[in-house]
Amino acid sequence: MIRAIVTDIEGTTSDIRFVHDVLFPMAHQRMAEFVSQQQSREPVRSLLDDLRQEINQPEASADQLVATLEDFMAQDRKSTVLKALQGMIWRDGYLNGDFKGHVYEDVPPALMRWQAQGIALGVYSSGSVEAQKLLFGYSSAGDLSPHFSAWFDTHVGAKREADAYRTIAGQLGLAPDEILFLSDIHQELDAAQEAGWRTIQLIRGEQDPLSRHPQVQRFDQISPENMP
Ligand SMILES: CSCCC(=O)C(=O)COP(=O)(O)O
Ligand SMILES: [Mg+2]
């Protein structure tokens, strides 16, 4: 029996184009100024120290760190420090009303239905927990954040590593086969399956012939109560 559904964001609840055409360019545009203004203030000061450790350059200047962050953004590297800084930068955009978090129209009714069935809902994204809460809190469908009771980012590990899903299951206090993971990326679903989770792949765009997971196009095609 499914007791929790954990969902990815980009390509699953939300259009990849929102992340790549709105969020990422804003972070790219503002990163240098943001780091320069915030480098001596917490939590940015500690994050920059974490980045120095990550790249093994304890003496790196703020300018060198910005160059590293630019490289990470160009590679779409899921660095925990980069993701935390991006989340802080996006905050302004959401609070100023510059954009709303994109959510496919089939998502909110499904979240409500599953919640009414007593299923706990969680998010697992490479985006920081702050960025996740902003996207759902300031979404195109209003504040969806109250539907979720658990939020996970790369602090639990990378999304293509089975150990991350074992950690999440431990934190949820559930057996792995009681948790359903929704994602558009079959390598993430492979990792969740390796940890014993149930999986469903969202195909919002192109087909994925290499996938061996059940596939749906929309959240309203998912019936956790009927999972075999
Ligand atoms: C929380 S919205 C921003 C998503 C993000 O930064 C990202 O890298 C996409 O990660 P996901 O794991 O949701 O594919
Ligand atoms: Mg995704």
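Every heavy atom of this structure was used, including side-chain atoms; hydrogens, water molecules and symmetry mates were not. The first residue of the sequence shown is numbered 1, and numbering continues consecutively from there. Atoms within each ligand, like the ligands themselves, are counted from 1 in listed order.
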Below 2.8 Å, which protein N, O or S atoms neighbour the Mg ion (ligand 2), ignoring water?
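Per the 2.8 Å query on the Mg ion (ligand 2), atoms found are D8 OD2, E10 O, D184 OD1.
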Atom pairs and distances, side-chain donor-acceptor, residues 87-96, under 3.5 Å, sequence neighbours left out:
{"residue": "W90", "atom": "NE1", "partner": "L23", "partner atom": "O", "Å": "2.7"}
{"residue": "R91", "atom": "NH1", "partner": "E130", "partner atom": "OE2", "Å": "3.0"}
{"residue": "N96", "atom": "ND2", "partner": "D92", "partner atom": "O", "Å": "3.2"}

With a 3.5 Å cut-off and no angle check, do the side chains of [X] and [Y] form a donor-acceptor pair?
X    : Y    : answer
T80  : T154 : yes
E10  : S14  : no
H102 : D15  : no
H28  : E70  : yes

How about F99 and Y138: are their ring centroids closer than 6.0 Å?
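Between F99 and Y138, the centre distance exceeds or equals 6.0 Å.
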Run the ring-centre check on F136 versus F148 and record whether the distance is less than 6.0 Å.
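Close enough - the centres of the two rings lie under 6.0 Å apart.
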Under the side-chain hydrogen bond (donor to acceptor under 3.5 Å, both in side chains) rule, what pairs show up with a residue in residues 173-183, not counting sequence neighbours?
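Every pair satisfying side-chain hydrogen bond (donor to acceptor under 3.5 Å, both in side chains) with a residue in residues 173-183: R3-E178, S183-E188.
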Tabulate distances under 3.5 Å between N/O atoms of ligand 1 and N/O atoms of the protein, writing both atom names on each line.
{"residue": "ligand 1", "atom": "6 (O)", "partner": "K83", "partner atom": "NZ", "Å": "2.9"}
{"residue": "ligand 1", "atom": "8 (O)", "partner": "K78", "partner atom": "NZ", "Å": "2.7"}
{"residue": "ligand 1", "atom": "8 (O)", "partner": "K83", "partner atom": "NZ", "Å": "2.8"}
{"residue": "ligand 1", "atom": "12 (O)", "partner": "S126", "partner atom": "N", "Å": "2.8"}
{"residue": "ligand 1", "atom": "12 (O)", "partner": "S126", "partner atom": "OG", "Å": "3.0"}
{"residue": "ligand 1", "atom": "12 (O)", "partner": "K159", "partner atom": "NZ", "Å": "2.5"}
{"residue": "ligand 1", "atom": "13 (O)", "partner": "D8", "partner atom": "OD1", "Å": "3.0"}
{"residue": "ligand 1", "atom": "13 (O)", "partner": "E10", "partner atom": "N", "Å": "3.2"}
{"residue": "ligand 1", "atom": "13 (O)", "partner": "S125", "partner atom": "OG", "Å": "2.9"}
{"residue": "ligand 1", "atom": "14 (O)", "partner": "D8", "partner atom": "OD1", "Å": "3.4"}

Decide yes or no for Q201 and S211: does some side-chain heavy atom of the first lie under 4.5 Å from some side-chain heavy atom of the second?
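SC-SC contact between Q201 and S211 confirmed.
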